[in-house]
**Student:** 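Shown below is the structure under consideration.
Just so you know, residue 1 is the first one in the sequence shown, and it goes up from there. Ligands are counted one by one from 1 in listed order, and the atoms in each one are counted from 1 as well.
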Amino acid sequence: MTGNSLNHASPLAPEWLAVPADLNALHEPMWAADVARNDSGELAIGGIPVSELQREFGTPLFVMSETDFRARARAFSDAFNDAFADICGGVDVYYAGKSFLCTAVVRWVEEEGLRLDTASGGELAVAARAGIPGADVALHGNNKSDAEIHRALDMKLGRIVVDSLAELERVAKIASARGETAKVMLRLTPGVHAHTHEFIATAHEDQKFGLSMAEDSTDQAGLSAAEEAVAAATGYPSIELLGLHCHIGSQIFEPDGFALAAVKLLRFLAAMQEKYSVVLPELDLGGGYGIAYTPVDTPRPPAEIAQAMAAVVRSTCAELGITAPRISIEPGRAIVGSTTFTLYEVGTLKTVRVDAPAAAAAADAGNAEKNVTYPRRYVSVDGGMSDNARPVLYDADYSAIVASRTSDAAPQLSRVVGKHCESGDIVVRDVYLPEDVAAGDLLAVPGTGAYCWALSSNYNYLARPGVVAVRDGSARLIVRGETEQDLLNRDMGV
Ligand SMILES: *Cc1c(COP(=O)(O)O)cnc(C)c1O
């Protein structure tokens with residue numbers, strides 16, 4: 001009912017946020033496939049109602065569908081393997097562990113035939129505990145310690161992604177001193193930055209990661225930092241140079257940016273093979289595939305992105321007359337993001353009146369003088385920026401629904417906030433929730449599988465929530481929530 005919806009639209013809402021036709025409905029792309037309302041209207045995952053999860057595990061709680069995780073991992077792997085089968089025999093898919101990592105997840109990744117990306121010694125420790133073969137693990141990072149490099153060599157990692165010339169030299173020295181060869185890829189910055197629907201191409205890179213491909217990026221005329229690194233790598237007997245790597249950004253929906261980066265790296269790879277008489281058998285195109293955090297996000301199916309990228313790799317290799325390198329990709333959020341929702345309990349509610357934004361006041365010219373105000377309702381939950389830092393860090397948008405019941409009440413513009421001593425402690429900046437939301441209701445925020453638990457903190461001495469995995473109708477903790485004792489354990493008391 002458009003008329004009804006329009007009546008409820010708040011001038012305080014951002015332009016992209018529509019009043020949902022049905023506040024109880026789940027917008028499918030934001031949720032794990034096994035999440036649905038049950039017959040009594042309660043949200044359930046794998047048939048388990050959220051009230052039961054709260055009783056058993058408490059709130060806040062990260063609720064992850066193992067079934068959905070495995071399905072998304074397989075979907076990426078299948079789509080890219082199909083699209084690239086005739087180009088390079090398939091694709092190696094590295095799950096970006098930094099998005100969410102624990103030993104159970106490493107095992108799922110391995111069982112589904114994927115590999116694992118790590119970015120620190122701690123992440124390597126999780127990989128080692130899970131028992132994944134080192135050959136299936138990659139190590140990233142712009143400032144790896146000697147200890148991390150040693151650990152990578154101890155574990156016989158399949159690849160160390162080297163970020164700078166100085167690091168290349170350190171890896172070479174450490175491997176040489178151990179009488180070993182390190183398998184290395186070089187992370188390049190192709191001058192392609194992508195975010196959601198746009199990408200920008202620049203010659204110069206202004207960021208901490210990677211080796212610049214710009215030809216004036218070294219003191220030597222015409223020689224880029226990237227080329228200098230290729231030349232150096234081919235000269236170290238303790239380095240096996242596998243190939244090149246790039247990662248152009250995150251939450252990307254259109255394949256254009258990936259395609260342009262692939263073309264730039266393939267051209268460079270061909271030039272280096274020719275000039276230095278080497279073969280670079282691998283090319284890693286990174287991660288960053290977008291997911292739906294709100295109803296306006298429209299991720300493409302993995303097959304569509306895979307086919308677009310495959311077409312570009314195929315034609316570029318043909319044009320350059322080179323054998324296509326083995327391609328790898330590194331999706332993180334696109335595998336884990338939508339598998340998970342955060343379950344919160346509603347506490348304090350407060351409604352404030354806010355001046356109409358300038359645009360609304362102008363449109364409502366007759367009333368502009370009268371200082372029109374509109375209501376914004378603050379809905380406080382029992383977590384906040386300590387379990388989801390992304391709204392604060394990146395202005396990220398999320399969505400929310402009442403999970404413990406359905407409601408026929410009218411939509412009201414709401415802001416879901418946490419319990420921290422910080423006015424910026426926002427979980428969902430703008431969402432329509434039913435007018436009758438009350439203390440004790442359960443709220444679910446979908447799309448919190450990636451970079452939420454991973455970025456969680458103990459701000460205000462809140463215990464970090466646990467993570468529950470649901471499979472075959474049963475739920476188990478894969479990471480337990482912290483206790484008060486955990487919070488006190490490191491305090492030396494002296
Ligand atoms: C963060 C990161 C990824 C994963 O990004 P997503 O947006 O989660 O897909 C992959 N590769 C590298 C090098 C990264 O830094």
**Student:** Do any N/O atoms on Gln251 end up under 3.5 angstrom from N/O atoms on ligand 1?
**Tutor:** no
**Student:** Taking only heavy atoms of Arg187, which atoms of ligand 1 are found under 4.0 Å from at least one of them?
**Tutor:** 13 (C)
**Student:** Looking at atom 13 (C) of ligand 1, what's its closest protein heavy atom, distance included?
**Tutor:** Glu330 OE1, 3.5 Å
**Student:** Using the side-chain hydrogen bond (donor to acceptor under 3.5 Å, both in side chains) rule, take Tyr293 and Arg333 through it: C-alpha gap first, then chi angles, then the decisive distance, then the call.
**Tutor:** CA-CA 11 Å; Tyr293 288 108; Arg333 87 187 60 214; 3.0 Å; yes
**Student:** Does NZ in Lys264 sit with more than 12 non-hydrogen atoms of other residues, nucleotides or ligands closer than 6.0 Å?
**Tutor:** yes
**Student:** Between Arg107 and Glu111, is the closest basic N to carboxylate O distance under 4.0 Å?
**Tutor:** no
**Student:** Within a radius of less than 6.0 Å around CD of Glu254, do more than 12 heavy atoms belonging to other residues, nucleotides or ligands occur?
**Tutor:** yes
**Student:** For atom 9 (O) of ligand 1, what's the nearest protein heavy-atom neighbour? Residue, atom name and distance, please.
**Tutor:** Gly288 N, 2.8 Å
**Student:** Is there a nitrogen or oxygen of Ser99 sitting under 3.5 Å from a nitrogen or oxygen of ligand 1?
**Tutor:** no
**Student:** What protein heavy atom sits nearest atom 7 (O) of ligand 1, and how far off is it?
**Tutor:** Ser250 OG, 2.7 Å
**Student:** Within a 6.0 Å radius of atom CD on Gln220, are there more than 12 heavy atoms belonging to other residues, nucleotides or ligands?
**Tutor:** no
**Student:** Give yes if a backbone or side-chain nitrogen or oxygen of Gly332 is under 3.5 Å from a nitrogen or oxygen of ligand 1, and no if not.
**Tutor:** yes
**Student:** Could you tell me whether Phe199 and Phe258 have their ring centroids closer than 6.0 angstrom?
**Tutor:** no
**Student:** Is there a heavy atom of Tyr451 sitting under 4.0 angstrom from any atom of ligand 1?
**Tutor:** yes
**Student:** Just checking, any donor-acceptor pair under 3.5 angstrom between side chains of Tyr94 and Arg115?
**Tutor:** yes
**Student:** Relative to ligand 1, is His247 under 4.0 angstrom through side chain, backbone, both or neither, heavy atoms considered?
**Tutor:** side chain
**Student:** Identify which of Lys98, His140, His245 has a heavy atom lying nearest to atom 14 (C) of ligand 1.
**Tutor:** Lys98
